[in-house]
Every structure is written in structure tokens, then in C-alpha cells.
There are 2 protein chains.
Amino acid sequence: MSTNLITSLNARLEGMSASERAIAEVILDAPAEVVALSSQALAKRCNVSQSSIIKFCQKVGFPGFPALKIELSAETARSENAQQIHAGIFSDDSLGAVAKKLFASKIAALSETMKANPNAVLDAAVGQISAANRILILGVGGSALVAQDLSSKLAKFGKAVIAGGDSHIQLANLASFGAGDLLISISYSGTTREVQVAVEFALAHGVPVLHIGAYHQAPAPEVVLHCVADENIVRSSSIATRTAQMAITDLLFVLFVQGQGDVAARISDSHALVRQIR
Amino acid sequence: MSTNLITSLNARLEGMSASERAIAEVILDAPAEVVALSSQALAKRCNVSQSSIIKFCQKVGFPGFPALKIELSAETARSENAQQIHAGIFSDDSLGAVAKKLFASKIAALSETMKANPNAVLDAAVGQISAANRILILGVGGSALVAQDLSSKLAKFGKAVIAGGDSHIQLANLASFGAGDLLISISYSGTTREVQVAVEFALAHGVPVLHIGAYHQAPAPEVVLHCVADENIVRSSSIATRTAQMAITDLLFVLFVQGQGDVAARISDSHALVRQIR
DNA sequence: TCATGGGGGAATTATATATTCCAATTTACA
DNA sequence: TGTAAATTGGAATATATAATTCCCCCATGA
């Protein structure tokens, strides 16, 4: 089984004999270099015999050394992006390095967020949106932009969406909402006061709630979609957070659109409108 | 140079001789299988001699066949994610399939956009921002959100940023700008009337301009950063566009921050402030 | 028609990989 | 503690694979 060589080596490291461990450690330490070595060269580097290298390869499930190198090459390539995720950016990083790290951090936010939300929950969320009469989208701070983005997208599809304005106005709007409407609240931490007040109010009045982000308070919204963001590239710049939030709202939107009928028609209508204005 | 074997093979396919092409085509068709073959086996499959395989490898820049296999393995691993990019979403796609396609499309927008902007241009853009006294960020339609996002980020770092408001207000603001200031204009297509007017005005009055998106008009802004977005997942939903724009603005921001001194201090200050308000 | 040059393959050589076999060390048990 | 069994690791060997060489053939142009 070679679904993941690196992981499995790490796991088996304990039960290995001295030579085997020497080999495994070199592979784990410098997979990229090992890929370029011959079995003899690797043997020298590990201070073991060439035949030990071959035996090692076979023991971990490969027919031979070249096969292991190929798998190793594939794995290092796959994890290239993921490697620098937890690195953070240093003041002496080159421009290219910074770009790569940012890129990696965004991809991590995307993939983790995608993973964090089971299909069933997404399905429920889309159901809420489709069923809703009117939708109030609430997000403060950085989340306000995400809220606006989602609202403009849904509006294109004829949904009655309210977003923007300050929290007082929003609460006033919410007061008229009922069981056939929907509150979408967006807050990464789930601790934003305004959002909590709105969610509690909605739940108390039988308004369905879809929350995007963490939410620890009781009572809990019917549906909660999680955003995963490891904010360590530029501390607290909330780049990863925004990326994760947009991933979720875009996904929601795409799923919603897919559920509707004649997608292309409506959107190009809206484009035609914009063009006319010019 | 083997930065991208597959791409370079595709590009060179035209100028190849019959045997070479046969080899290249098998590699392009089934890279995953080629990785498992010996040079002899591949030769048989291509109906060429074994030596031709070796010569081919050397011609495309590798020391030999094993090296090519290793690179091929890495590349197929890397592109595993990117495969479904051009698929589009169909109404009978499962929820998981939709998520994957969206994910792939976002990654494509990110990576293409990162690739599209040479370091030198990014460097110039960061220089403009650092040097600017006041900054006006202009974006209309969907780009308005991106403009706001960038403006709030830069504001955290003490930059005097103006964003938001309608185009009349913005033009009025721009009137007071001079050579020490900066206009950042954001428009995916570069054809937005308001943006063009502002850019022309700025250039005419000696105000430096940084444009994010395409720009075909003359006179051209000093610095143009490109956003690459293949909008074929949900047609015209501008999800990829937004993703690309945010990638660029985030990158700009991170690079700018890196250039400044005590990063963490300032941002946590701003966080502390927000916490106090609650 | 004949020289020239480039591409391709057969045969050869070189190299790398895999196997076998044996020695050394450890382990198990009397 | 001694001895047999078992396991590990390396030297030597065998095999497979890769790389080079050399030569033929065909296309091109004089």
C-alpha cells in the first residue's frame, strides 16, 4: 500500500532496525534529493549497503528502488504547496517566496473549508435559501464585504435580499421576518455581538437561520457552515478568513444556481442591463 | 529546463520528427502509464527503438529516461487537482462534483494570476503604494468590494486611503491628487467607463496609476497587474474574477506589509481596538 | 547521379538494480 | 552460560535497464 509513503514511513519508524531507520530518515529528511540519487549513492549517504536499500524498498511495498523514487517524486510534488503553509512570511523572504506562501495559504483555506462541510449540511443550506421568501444577510467588519458579495449574487437570481446598512437598521428589518424568510449571518469567530443578537432574535421568532462561520452560543442556528482559516501568513490580516468565507458563499451560490432552471439566461440578462447603462 | 514537461512537449510537438512525435504523443496521452514502463517497454509501445527513447529524453532536456519519468510523475501528481478546470457544472452533477469543480476553478484562477504577474511588476506596484502619500482606490460593480477590502487593509497600516462612494465623489477627490499620491483602479475588463475616465484624468495630471485588471486603452497606467479568470464554471457569475482580484490585492498587501517594519504590533493594535468596542 | 547531413535503429557497452549467499549479531531457550 | 535459531546487513554475483556507438537509410540539394 503506497497511498502515502511519507506518512507510512513516519508511522513505521519506531519498529525499524538501525539500518532501516537510517534509510527512512534520509528519505523523510530530504525526499527531493533522494529522488535524484541512485541506490548506491543513497546507500553511501545512509552508511548502509546498496542491497539494504533495495530490501528496504521491497519491505515498504515497492517492487524496487526506481518505483519508490517515482512515488516519492509524486508525493513531494503533491505536497509542495502544502509545505509552506505553516511557515509564515519573514522579512527577508524574496518576492517569489512570499507569493508562494500566500498562494499556499489560500489553497489550504479553500481545501480545508471544503472538507469541513459535509454534503448534507450544504444541502440543507441550499434548501433554506431556495425556500426563503426574503433573505437578510448580516455580516459586520470584514464579513460585511462577504455579505455584500453574496447578496448581490443572490439578487441576480431574483431573490429578495437585504444586506448592508448598520446593525440597527438590520435589526429593524429582521423584526418583520417570519418562518418563511431566512437570516444568513456571517461571522468568522461567531462572537460578534451584533450577529449574536440577530441570531437569537431570529431563532426566538421562528426565523430560520443559516450561519457561516463558527458559532458556540446556545441556541444554535439550524444550519452552520464552517470556515477554516489558519491565519499565520500575515498575522491577523484575515486574508485566509476572507478566502474561506468566499469559498463557502461561492459554493452555496453555485449550488443554489444549479438547483434553479435556466441559469445562463438570467445572468446574461443582467449583463445586458449593465452594458446598456454605459 | 524542465519547469513543465507536458506544456513544453505540447508546444514542440509541431517541429518534431515522426518517431519523436510518436513518443511525445504516448507520453502526453498516458503519462501515468509511462511512469511505470521501462525504456524498452515504452519503445515497443511507440514502435520505435529503445535508443530513440533515450535520445528523445536527452533532446527535451533530461539526462536520461529515469529522470524524465520522475519529472513526469511529479507533474501528473501536481495536476491531479487541476484536471476538472474546464469542465463546467452540469445540472446533474452531484453536490460533491460541484464542490470539486468550483475548488478547481478557484485554484486555477489563483495560480494563473500568480503566474501572470512578473516579480518586477509586483515590485513596482508595491513601490508605488509605499511611496504614495494618499491613495484613492476605485472599483465599480463587483470590483467595488475588492476595492473596499484593499482599502480597509491598507488603512490598518496608516495609509491615507479613500474608497467607496459613487464615481462623482471619487472624481472630485481625485482632483486634489498630485504626483505624490496614487490612484489604484480595479476593473476586470478594463472597459468600465468610470475607471477609464479616472485613469485618464490621473495620468493627465501626473498622478501615478496602478491598475488591477486588463487595460487596453492609451494612455496606459504606469503599472498594470493582470487578473486571469476563466469564467466557465457558472457563466458570468464572476466567481473566478473575484478570486483572481482578491489574490492580487492580497498579494500586494502582504508584500507591502512585509516591506514595513513591525507588522504584528500594528495589526494586533487594531484588533485590540475592535475588542474594546464590544 | 552523387555527395551530404540528419534521423533512427541494431548492437554494444556501461550502469544501475536485484538476488543470492554468507557472516555477524542478536534472541531464545536449555 | 552455552548453543541453536533467527534475523539483519553486506559482499559478490546475476540480471535488467539505460546509454553510447556505429552504421544504414532516406531526404535534400548540387
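These numbers come from a predicted model, not from an experiment. So that the names make sense, note that chain A is the first sequence line, chain B the second, and so on, each numbered from 1.
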Atom pairs and distances, side-chain donor-acceptor, residues 23-36 of chain A, under 3.5 Å, sequence neighbours left out:
residue, atom, partner, partner atom, Å
A/Glu33, OE1, A/Arg45, NH1, 2.8

**Message:** From CD1 of A/Ile54 over to P of D/dA14, roughly how many Å is that when rounded to an integer?
**Reply:** 18 Å
**Request:** Round to the nearest Å and state the distance from B/Phe65 atom CZ to D/dT17 atom P.
**Result:** 11 Å
**Fill in**
Once base and sugar-phosphate atoms are separated, protein heavy atoms under 4.0 Å mark nucleotides 8-15 of chain C, 5' to 3', with B, S and - as BBB-----
**Item:** Pairwise side-chain contact, B/Pro221 with B/Tyr215, heavy-atom cut-off 4.5 Å (strictly under)
**Value:** yes
**Message:** Strictly by salt bridge (charged side-chain N to carboxylate O under 4.0 Å, His left out), give each pair with a member in residues 53-69 of chain A just once, sequence neighbours left out.
**Reply:** A/Glu20-A/Lys59
**Message:** Tell me every residue that passes side-chain hydrogen bond (donor to acceptor under 3.5 Å, both in side chains) with B/Lys44, counting only those two or more places apart in sequence or in another chain.
**Reply:** none
**Asked** Listed by chain and number, what are the side-chain hydrogen bond (donor to acceptor under 3.5 Å, both in side chains) partners of B/Thr113, not counting sequence neighbours?
**Response** none
**Request:** Round to a whole Å and report the spacing from CD1 of A/Ile70 to C1' of D/dT17.
**Result:** 13 Å
**Complete:** With A/Asp250 as partner, the option from B/Arg242, B/Lys106, B/Lys101 fulfilling salt bridge (Lys or Arg N to Asp or Glu O under 4.0 Å) is B/Lys106
**Asked** Quick one: A/Lys44 NZ to C/dA16 P, roughly how many Å, whole number?
**Response** 11 Å
**Prompt:** Between D/dA16 atom P and B/Leu37 atom CG, what is the distance in whole Å?
**Reply:** 17 Å
**Request:** Apply side-chain hydrogen bond (donor to acceptor under 3.5 Å, both in side chains) to A/Ser52 and list each qualifying residue two or more places apart in sequence or on a separate chain.
**Result:** A/Ser49
**Asked** Rounded to whole angstrom units, what separation is found between the CD1 atom of B/Ile53 and the C1' atom of D/dA18?
**Response** 12 Å
**Message:** Per the salt bridge (charged side-chain N to carboxylate O under 4.0 Å, His left out) rule, what does the pair list look like for residues 212-229 of chain B, sequence neighbours excluded?
**Reply:** none
**Asked** Which residues satisfy the ring-ring contact (aromatic ring centres under 6.0 Å, His included) test with A/Phe256, sequence neighbours excluded?
**Response** none
Pairwise N/O distances under 3.5 Å, protein to nucleotides 23-29 of chain D:
none

**Request:** Round to a whole Å and report the spacing from NZ of B/Lys69 to P of C/dT17.
**Result:** 11 Å
**Prompt:** Side-chain N or O of A/Ser39 less than 4.0 angstrom from OP1 or OP2 on C/dT17?
**Reply:** yes
**Message:** In this structure, how many angstroms lie between the P atom of C/dA18 and the CG atom of A/Leu68, rounded?
**Reply:** 10 Å
